[in-house]
Amino acid sequence: MRMAAGLIFAGVVSLCASSAAWSQTPATKGAATAPQAAPVRAAAPAAAKTPCANPNALGIARVVEIDTTGGPGFGFEHFKQLDFLHDHEVVLTFDDGPWPVNTPSVLKTLADECTTGIFFSIGKHATYYPEILKQVAAAGHTIGSHTWSHATLTNKKLTEDQRKEEIEKGISAVKWALGTAPAPFFRFPALQHPPEMVTYLGTRNIAMFSCDLDSFDFKARNAQQVIDVTMKKLDKLGKGIILLHDFHKHTAEALPELLHRLKAGGYKVVKMIPKAPVQTIAQYDEELLKDAKLPTVTSRPVSSVVQTISE
Ligand SMILES: [Zn+2]
């Protein structure tokens with residue numbers, strides 16, 4: 001499932017990114033860096049180069065590399081400038097993990113279908129279950145962050161420093177859990193985007209992800225409801241970044257059938273990878289270790305915790 005470095009840069013073509021993408025909301029105009037290159041580039045189709053035991057797998061249609069300079073925004077619910085998906089293309093995104101049972105179940109389903117997603121991990125959860133997050137990385141998925149404690153950053157009780165700490169400590173925690181820096185991809189809890197934090201993430205060169213369609217899986221009473229809501233919205237839109245939660249049982253249960261429905265409906269999965277990993281800030285790396293009383297190195301080697309799940 002891992003992409004060879006050479007593949008990422010093969011056959012690069014520019015997509016429909018415009019300079020407008022660099023100021024993703026009115027609030028960030030003036031704060032965003034001037035564009036030097038289109039933030040979304042396409043790599044060669046991945047499917048042919050990725051071994052897959054399932055001949056009917058959903059697979060990966062193509063890989064796009066994201067230049068996160070200036071903090072581009074994705075997902076039309078909030079950011080409307082970067083329309084890079086073709087008709088019937090989807091990006092699968094999973095929030096709030098890593099979590100026992102449900103995250104490994106999601107990983108197995110994705111591996112069975114030789115496909116991939118972006119996992120927006122909560123910092124605290126990453127410190128609880130670093131071995132599960134390492135499995136996500138080992139399976140070749142893209143990992144971003146989703147704050148330290150899932151605080152709603154539009155909450156007026158939070159100071160600006162506390163909002164920044166939520167963002168930065170979350171990133172530092174994911175890095176600590178993985179032992180390597182994740183993607184500069186971030187999703188705001190509850191999709192609540194305070195304008196000053198959108199501006200801040202722009203200065204940090206971190207891409208922001210809203211979604212095109214919300215599965216509302218956290219409200220679903222059962223797996224079937226997750227499937228029904230998602231497919232109904234997707235069939236209406238025709239494409240999009242789909243918001244799911246690997247944290248939730250119903251989502252994990254729904255995913256095998258949901259992926260079958262995507263395949264049957266002619267949908268194709270696009271993998272999003274960053275041009276470069278995120279740069280953490282040393283102050284927050286240190287705060288994380290101090291506050292959470294974490295060891296400075298993970299206690300177990302990767303080889304003892306990573307299971308092969310794609311065969
Ligand atoms: Zn969340």
Side-chain angles (χ1 to χ4, degrees), residues 1-3 40 45-47 50 52 54 57-66 74-77 84-99 102-121 133 135-137 139-146 182-183 185-187 191 207 209-218 220 223 226-235 237-248 250-274 309-310:
M1 299 285 286
R2 266 191 196 285
M3 305 304 308
V40 181
T50 305
C52 178
N54 176 2
L58 181 59
I60 299 170
R62 65 187 178 109
V63 181
V64 294
E65 180 195 82
I66 308 302
F74 296 94
F76 269 50
E77 283 208 5
F84 72 97
L85 291 176
H86 304 148
D87 184 43
H88 274 65
E89 283 188 339
V90 298
V91 176
L92 303 172
T93 67
F94 299 93
D95 290 6
D96 295 0
W99 205 251
N102 299 333
T103 301
S105 171
V106 165
L107 291 180
K108 180 174 187 317
T109 303
L110 293 174
D112 288 346
E113 289 294 332
C114 306
T115 194
T116 192
I118 309 173
F119 287 72
F120 292 97
S121 171
L133 198 61
Q135 289 175 13
V136 179
H141 304 296
T142 302
I143 300 178
S145 62
H146 192 44
F185 292 178
F186 177 83
R187 180 173 269 152
L191 301 182
F209 283 72
S210 176
C211 66
D212 294 303
L213 65 105
D214 191 337
S215 67
F216 284 111
D217 53 349
F218 61 98
V226 177
I227 297 163
D228 291 346
V229 170
T230 304
M231 291 310 299
K232 188 176 175 193
K233 288 184 176 180
L234 185 56
D235 286 339
L237 286 174
K239 64 179 185 177
I241 297 172
I242 303 174
L243 171 54
L244 297 155
H245 292 81
D246 57 309
F247 176 73
H248 283 296
H250 293 327
T251 309
E253 290 171 350
L255 199 60
E257 177 61 21
L258 181 59
L259 297 190
H260 289 156
R261 292 276 298 274
L262 290 179
K263 170 90 176 173
Y267 292 100
K268 295 179 173 5
V269 173
V270 172
K271 176 173 184 166
M272 296 178 77
I273 58 170
I309 58 171
S310 59

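In what follows, every heavy atom counts, from backbone to side chain, and hydrogens, waters and symmetry copies are set aside. Treat the numbers as computed from the prediction; the structure is a model and nothing was measured. We number each residue from 1, following the sequence as shown.
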Between [X] and [Y], which heavy-atom pair has the shortest distance, and what is it?
X      : Y      : result
Pro274 : Ala183 : CG-CB, 3.5 Å
Trp99  : Phe247 : CD2-CE1, 3.5 Å
Leu237 : Asp212 : CD1-O, 3.5 Å
Val269 : Thr116 : CG1-O, 3.6 Å
Lys271 : Thr142 : CE-OG1, 4.2 Å
Cys211 : Arg187 : CB-NH2, 4.0 Å

Roughly how far, to the nearest 0.5 Å, is [atom2] of [Y] from [atom1] of [X]?
X      : Y      : atom1 : atom2 : answer
Ile227 : His250 : CD1   : NE2   : 11.5 Å
Arg62  : Met272 : CZ    : CE    : 9.5 Å
Asp228 : Glu257 : CG    : CD    : 9.5 Å
Ile118 : Leu244 : CD1   : CG    : 12.0 Å
Cys114 : Leu259 : SG    : CG    : 11.0 Å

Using the test ring pair (Phe, Tyr, Trp, His ring centres under 6.0 Å), find all partners of [X] that sit at least two apart in sequence or belong to another chain.
X      : answer
Phe94  : Phe119
Phe74  : Phe84, Phe209
Phe216 : Phe218

Would you say the side-chain atoms of [X] pair up with the backbone N or O of [Y], donor to acceptor, closer than 3.5 Å?
X      : Y      : result
Lys233 : Ser215 : no
Asp95  : His245 : no
Ser121 : Ser145 : no

Are [X] and [Y] packed together at the side-chain level, in the sense that at least one heavy-atom pair is separated by less than 4.5 angstrom?
X      : Y      : value
Leu258 : Met231 : yes
Thr230 : Leu213 : yes
Leu255 : Val226 : no
Leu92  : Leu110 : yes
Val136 : Asp246 : no
Thr93  : Leu243 : yes

Pairing residues for Asp217 by the salt bridge (charged side-chain N to carboxylate O under 4.0 Å, His left out) criterion, not counting sequence neighbours: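 Checked Asp217 against salt bridge (charged side-chain N to carboxylate O under 4.0 Å, His left out); zero matches.
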
What residues form a salt bridge (charged side-chain N to carboxylate O under 4.0 Å, His left out) with Lys239, not counting sequence neighbours?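 Salt bridge (charged side-chain N to carboxylate O under 4.0 Å, His left out) check on Lys239 returns Asp83.
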
Walk me through it: do Val64 and Val270 pass the test side chain to side chain contact (heavy atoms under 4.5 Å, CB included)? CA-CA 7 Å; Val64 294; Val270 172; 3.9 Å; yes

Report, one line per pair, each donor and acceptor closer than 3.5 Å where one atom sits in a side chain of residues 260-268; sequence neighbours left out.
from	atom 1	to	atom 2	distance (Å)
His260	ND1	Pro256	O	3.4
His260	NE2	Glu113	OE2	3.3
Lys263	NZ	Ala57	O	3.1
Tyr267	OH	Leu234	O	3.4
Tyr267	OH	Asp235	OD1	2.6

Any chance you could lay out the side-chain hydrogen bond (donor to acceptor under 3.5 Å, both in side chains) test for His146 and Asp96, step after step, and finish with the verdict? CA-CA 7 Å; His146 192 44; Asp96 295 0; 3.0 Å; yes

Criterion side chain to side chain contact (heavy atoms under 4.5 Å, CB included) on Gln135 and Thr103, from CA distance to verdict: CA-CA 9 Å; Gln135 289 175 13; Thr103 301; over 6 Å; no

